[in-house]
Each structure stands twice: as C-alpha cells, then as structure tokens.
Amino acid sequence: MPVSPQQAPEATQEAVINALGAFLAAPPEGTPPEVVEALTLMGGNPKDPLPPRLFFEAVEQSPLAISITDARATILYANRAFETLTGYDRTEVLGRNESILSNRATPESIYRHLWRTLEQRQPWTGTLVNRTKGGEDYLAELTIAPVLDRSGALRYFLGMHRDVTKVHELEAAVRQQKARVETVLDAAPALIVLLDHEGRIILDNQEYKKLLGDLRGREPLEVLRAALREQVGVDVLEAGVSGQGFKNLEVGIEVPGGGGPRWFVCSATPVEESDVSARSYFGRASGGEHRVLLLANEVTSRRREIERSHLENLRARLAEQQRMHGMREALAAAIYQIQVPLNVISAAASMLRGGVANIDTLAGMLDQISHSGQRALDTLTSALPEEPREPGALVNVNELLRQVLELETDRLLANGVVVDWRPAAVLPEFTSHKDQLRALFKHLVDNAIHALCESGRAQRELRLCTRRVDDGVEVEIEDNGPGIAPEDRYRVFEPFFIGWRQRRGHAGMGLALAQEIVNAHGGSIEVDSEAVAGCRVRLLLNTLSQER
C-alpha cells in the first residue's frame, strides 16, 4: 500500500520502532551489553508499558511549572507551564540563572536556608516572592529537589512551583475578617463567650477577661452557669445544645470586694457550625458541631439605681406618712384644746341667761377662753411643716405640665377622663421653682378631675393648652364638669372655701395655694366667665418676674 506524504513520518517512526524492537528481542551475537542497555533506555522495554518518552511528555504537559537546572542553578530546561506562569519563553531563560525570577521582597534568610537544605541533599519547600517578565509580583510555592548521579554527586536541581497569590490573598482576607470580628467583640460592652457542646470555651472577649480578673481566677462561665441554675433553673449548655436557648434572664453573682452582688442579663443562642471534614466537600455533610453563644450584659448600675429610687420612694412615703400622722395628732390635740373654751363659752352663756353671772366671773371665764384658744393656736402653728427652699432653675411649662399628666395617668384612666393636650410648639424658658409650678398645675388638674367625677357625666373631657403671650406664658385648664356658679368665681380662691358636695378630705386650700404661687410669679389666675359648659381656669405666668 502506498504511503501518503502526511503518513510518511508516522510510518517511518513505526518502522524504526519495529526494527528496534526486533533487534532488542534478539540482538546479534557479540553485541556489546552497553549498546543493548542504551538502546533499551531509548526504546523502552517491550515488557514495560512506560517508555522514557512518556516521562518527558508528562513533564512537558504538566500544569505545574517545572524547570531543571545544573548545580549552579543555571536553567537547562523549562516546560510549557513555566512559560505560561513566568511570561518568559523557554528560549529566553535557557542558560540563565533562576535568579531572574527573584524579587527582592524575599528575605535573604530564606535563600540561605534554601541553599543549606539543598547542599545537605535534602529537598526544600517554601514560598518566595517572584516576578514575571512583565514585572508583576506573585507568590510562588516552590519545591526544589536535588538530582544526584550514580556516584552520589549533586549534578542537577528539579524545581516545581505554582502561583499561590490568590490563596494568600484569601487567607489574608480571612485573617483580616477574623481580626475585625475580634475587634468588634472586644469593643462590645457585653460579656460574650462561645462554647462547644462539652462546655469548653472556644472564644471570649475583653469583658469576659475583665470579669475573670474581678473574680480573681474563678471562671466567669462557671459562676454564671451556677447562678442561672440556682436562681432561674436554667442550664446554659443544655438550653443551647437542645436548640432552645433563652433571652434576658437576670441573675446576680457575688464578686470579691464588689460591695454587693453584680447583676447580669443573660441570653444563650444555639449555633450550628457546618461540617468541615473532607467528606463534606461534595455536600455530603454528616452534621456540624453544636455551639452555644452566651451573652451577659451587666446591669448592676441600673439595678442599684432602681433599688436606690425604690428606697427613696419608700423614704418619701414614710416621711409623708409621719408628717400626716403628726398633723393629725396636732389637729386632734387642737380640737381637744378648742373644746375647753367652747365648753366655757357655753357655761358663760347659760349663766348669763340665768342671771347668775357677774363681771368677775365672766372676766375669769374669758381669760380661760383666751388662754385655751392661744394654746390651740400654738399647737396648730407648731404642726405646720416648714416650706422647703428650692433653688431657682430654667423651666419649661410644657415639660412640667407633661410630667403632671404622667403622674395623674392612673387616676385619669380610672375615672374615664379623655385628655386633650395642646401644648404650644415653642415656649420661652424662665427662671422659677419647678416644684412650686408642678404643685400649681397638680392643684388645678386635681380640681378638674374632682369636678368631672361629681358631674356624673358619661363623657368626661379635660383640655389643657399653652400659648406664648407678650411677657409670659398662658395656660388654660378646662373641664366639662358642672362648672362654677358666677357668685363663687372669686370665692373659690379664698382659703378654706369648699364648693364640693363630697367635702371629706378637702381643706379648701388648693385654689388658694395656686393663687399664691401665681402671684409669686407676677401673674394672674381667674375662672373664665365665658366658659359655656364646665369650668375654664386661665392663668398667666410672667416670664420676666422671678420669685425672690
């Protein structure tokens, strides 16, 4: 069969291989053994399926950059992957030293260690900063193996390297992200600790370490776990591993030298970590690890402030009770003492009507009345509490009215009162006494609520509004109760005037005290005669006037 020009090389190569195979299968008698060995190395052993040419092609086609140098690192061979990675054509590097790839960013100590290892005829593996022909830096993960001749002399080096720049960038990004997370955790004001399923600490933050120091070596985790078990009946590890967790459980722990217990609000969140084993590479995960994230936010300051406020409230209530008891006792004593002159007056009147009284007897009785009356007056005067002196401060009427409404919220809701609160957007601030003004507004609001309760109306409304006037602030408090009779418009401000049907518990001093406070501010207070239904009280506070 004729052979085409295209098939000629393959046919010739096949013919040569066949001839060489036949020669090696039956070498002529007298053929030197060295020739047979050399030809065997070139053609391959027919019984061996891996001829020498295969090894060359494997190196040439390898995706790993491979180079062979002599003992002085002069490049004798470079494969195609070497060309692709470095940008150099192999004709440009053959006969040149491997140092053409070097970048000065690699420390000299690395190169010294590299050569010491190779001189000991040991392979070296490490990372160098190399540079391509185009001047771009890359990280080369390099393995260099010494190649020895039959006598053991070092003749060549086999170098294999790959670009690991992207791997380095990813690892650096992971480290940077880890550093960010640790920074955030350490900056967090709450104690944070991550546990494995056996309760061992995987991660903690600075607040945890601070508490460790405060506890003088006692593990904060164990102290908090014990407190949660004893005080709340919850175990951190069991709740987290079971997937339940918990939120905002408050516990107290004793800290040496802490001046009392320290309080923490604790939350536990279950965390499921993914399987990182080789088996999970293709998504066949066998189930990750159970973790528990424990957060404990210290609320000692808030707790102590609440307790302090509670004690202050109790102290104020007890003081008020004692003051009320003292006043009741003084009033009871005064009533008893007033009874004596009343009895004397009654006896004197009977004597006068009977015509048995004389001037001396009546004079004595009048002296007794005067003495007993003075004693009763002294008793009442001594029972009067001292007016506390309050420093002046800048006040905002809207703010004080809002506070009074908040204090009266329960009473307003209990009596079904609808509040229409219309404060001015901007009011001038002025120097005054806040407690006095609060008392003023409370007197007026209490008065309005009582009027609404006595009215018996199903719809009970209370309207408050503020507005700015030339030299002050005007406040209106209006209710839709029974109103005030015209003849009583001025009398309601008199001391001890009581216009309620239910008089018990009322001294008739509320509006009188309100007028006194308004007068002290250079203002005025009046019952508006134009109110159609109910009562409208209008008061003016002079912002230019200050109580001295």
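If you're wondering where the values come from, they're calculated on a predicted model, not measured in any experiment. Computation of the quantities below employed the complete heavy-atom set of this structure, encompassing side-chain atoms and omitting hydrogens, waters and symmetry-equivalent molecules.
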Ionic contact status for Glu406 with Arg402, cut-off 4.0 Å: no
Nearest heavy-atom neighbours spanning Leu64 and His161: CD1-O, 3.8 Å
Exam field: side chain Thr143 to backbone Met160, donor-acceptor pair closer than 3.5 Å: no
Check: Leu294 and Ile192 side chains under 4.5 Å, non-hydrogen atoms: no
Side chain to side chain, Leu407 and Val445, heavy atoms closer than 4.5 Å: no
Interatomic spacing from OH in Tyr88 to CG in Leu94 - rounded to 0.5 Å: 13.5 Å
Chi angles and distances behind the side-chain contact (heavy atoms from CB on, under 4.5 Å) call for Glu476, Arg422: CA-CA 10 Å; Glu476 282 187 4; Arg422 300 180 183 180; over 6 Å; no
Taking every non-hydrogen atom, the tightest pair across Leu211 and Pro220: CD2-CB, 3.7 Å
Between CZ on residue Arg104 and CZ on residue Arg131, distance to nearest 0.5 Å: 9.5 Å
Heavy-atom pair with the smallest gap, counting every atom of Val265 and Asn248: CG1-CA, 3.4 Å
Side chain to side chain contact (heavy atoms under 4.5 Å, CB included) partner of Phe264, the single match among Ile253, Val299, Leu295: Ile253
Side chain Gln231, main chain Gly252, donor-acceptor under 3.5 Å: yes
Closest approach of Arg304 to Pro261 (non-hydrogen atoms, all atoms of both residues): NH2-O, 3.3 Å
Minimum-distance pair of heavy atoms, taken over all atoms of Pro123 and Thr117: O-CG2, 3.5 Å
Distance-only donor-acceptor check, side chains Gln120 and Arg116, under 3.5 Å: no
Contact check, side chains of Leu191 and Leu224, non-hydrogen atoms, under 4.5 Å: yes
Beyond-backbone contact of Leu128 with Ser102, side-chain heavy atoms, under 4.5 angstrom: no
Tyr138 and its side chain to side chain contact (heavy atoms under 4.5 Å, CB included) partner, picked from Thr86, Val129, Asn103: Thr86
Check: Asp186 side chain, Gln206 main-chain N or O, donor-acceptor pair, under 3.5 Å: yes
Side chain Asn297, main chain Ser267, donor-acceptor under 3.5 Å: no
Separation between CG of Leu170 and OG1 of Thr165, rounded to the nearest 0.5 Å: 11.0 Å
Euclidean distance, Arg96 CZ relative to Thr69 OG1, rounded to 0.5 Å: 15.0 Å
Within 6.0 Å of CZ in Arg411, more than 12 heavy atoms from elsewhere: yes
Leu464 and Leu405, any side-chain heavy atoms less than 4.5 Å apart: yes
Test ring-ring contact (aromatic ring centres under 6.0 Å, His included) applied to Phe441 - qualifying residues, sequence neighbours left out: none
Test item: Val397 and Phe430 side chains (from C-beta on) under 4.5 Å apart, heavy atoms: yes
Side-chain donor-acceptor pair present, His290, Glu272, cut-off under 3.5 Å: yes
side-chain contact (heavy atoms from CB on, under 4.5 Å) evaluation trace for Asp235 with Leu228: CA-CA 7 Å; Asp235 183 78; Leu228 284 164; over 6 Å; no
Worked verdict on Leu437 versus Leu541 for side-chain contact (heavy atoms from CB on, under 4.5 Å): CA-CA 10 Å; Leu437 290 180; Leu541 299 174; 4.1 Å; yes
Minimum side-chain heavy-atom gap Phe82-Arg90 below 4.5 Å: no
Heavy-atom donor-acceptor pair, Thr74 side chain to Asp70 backbone, under 3.5 Å: no
Ion pair check, Glu305 and Arg302, cut-off under 4.0 Å: no
Salt-bridge contact Glu83-Arg80 (side-chain N to carboxylate O under 4.0 Å): no
Backbone N/O of Ala58 and side chain of Ser62: donor-acceptor pair under 3.5 Å: no
Nearest-0.5 Å distance, CD1 of residue Ile66 to CG of residue Asn79: 5.0 Å
Which atom of Leu394 lies closest to which atom of Lys434, heavy atoms considered: O-CE, 3.5 Å
Spacing of Asp214 atom CG and Lys209 atom NZ [to the nearest 0.5 Å]: 14.0 Å
Validation row: Trp421, Leu462 side chains within 4.5 angstrom (heavy atoms): no
Arg121 side chain vs Gly152 backbone, donor-acceptor pair below 3.5 Å: yes
Intermediate values then yes/no, side-chain contact (heavy atoms from CB on, under 4.5 Å), Arg225 and Leu237: CA-CA 8 Å; Arg225 283 185 68 182; Leu237 199 58; 3.8 Å; yes
Asp196 (side chain) donor-acceptor with Ile202 (main chain) under 3.5 angstrom: no
Arg291: side chain to side chain donor-acceptor pair (under 3.5 Å) partners, not counting sequence neighbours: Glu273
